[in-house]
Amino acid sequence: LPWHLHNGRVYVPADLMREEGLADPLHTDEAQTQALARILRRIGDRARAHLICARQKNLSVAPEVKPILRLACLADGYLACLERSGYVPD
């Protein structure tokens with residue numbers, strides 16, 4: 001996300017931007033940074049919930065799909081990185 005923001009690209013859902021009061025994710029004042037952090041936390045929390053749900057259903061997943069679910073371990077690392085940063089992109 002930081003690379004995209006630095007290059008003027010915004011991939012943040014418009015509805016979450018409105019809900020959190022993020023007028024311009026490319027503007028870096030404290031209020032906008034905190035609004036973006038709240039949005040990223042919400043997205044991260046939802047992603048984490050999806051991972052937990054997928055892992056709970058792992059036993060009922062068709063064998064040919066299981067290799068794809070193993071790739072979800074990459075998401076754990078990305079989410080941990082977001083959490084460590086306090087959801088504030090550098």
Side-chain angles (χ1 to χ4, degrees):
L1 186 62
W3 183 88
H4 295 287
L5 290 174
H6 290 305
N7 287 287
R9 296 184 179 140
V10 178
Y11 301 108
V12 180
D15 60 330
L16 295 181
M17 287 176 56
R18 279 190 302 277
E19 289 173 20
E20 295 295 344
L22 180 60
D24 181 5
L26 303 176
H27 188 80
T28 58
D29 72 12
E30 184 63 24
Q32 294 297 288
T33 299
Q34 290 307 311
L36 180 57
R38 288 190 304 272
I39 291 168
L40 295 178
R41 180 179 302 275
R42 288 174 65 179
I43 292 170
D45 289 348
R46 186 160 184 191
R48 177 81 61 205
H50 282 295
L51 286 171
I52 290 168
C53 183
R55 288 182 176 129
Q56 289 172 342
K57 293 179 180 183
N58 189 36
L59 295 176
S60 63
V61 171
E64 59 271 13
V65 176
K66 288 189 179 192
I68 295 168
L69 290 179
R70 288 189 198 111
L71 292 174
C73 67
L74 297 173
D76 291 318
Y78 298 136
L79 290 171
C81 183
L82 270 173
E83 291 166 3
R84 282 191 305 275
S85 74
Y87 296 91
V88 177
D90 294 336

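By the side chain to side chain contact (heavy atoms under 4.5 Å, CB included) test, Ala54 is found to be paired with Leu69, residues two or more places apart in sequence or in another chain being considered.
Here the closest non-hydrogen pair linking Val61 and Lys66 is O-CE, 3.5 Å. The two residues Ala37 and Gly86 come nearest to each other via the heavy atoms CB-O, 4.0 Å.
Sorted by first and then second residue, the pairs that involve residues 49-60 and meet salt bridge (Lys or Arg N to Asp or Glu O under 4.0 Å), not counting sequence neighbours, are Arg55-Asp76. Sorted by first and then second residue, the salt bridge (Lys or Arg N to Asp or Glu O under 4.0 Å) pairs involving residues 29-43 (not counting sequence neighbours) are Glu19-Arg42, Glu20-Arg38, Glu20-Arg42.
Side-chain contact between Thr33 and Tyr87 is absent, with no heavy-atom pair separated by less than 4.5 Å. Using a 4.5 Å heavy-atom threshold, the side chains of Ile43 and Pro13 count as touching.
For the atom pair CG (Asp24) and CD (Gln32), the distance works out to 6.5 Å, reported to the nearest 0.5 Å. Taken from CG in Leu16 to CZ in Arg46, the straight-line distance is 9.0 Å, to the nearest 0.5 Å.
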Apply side-chain contact (heavy atoms from CB on, under 4.5 Å) to Leu51 and Leu79, showing your working.
CA-CA 11 Å; Leu51 286 171; Leu79 290 171; 3.7 Å; yes
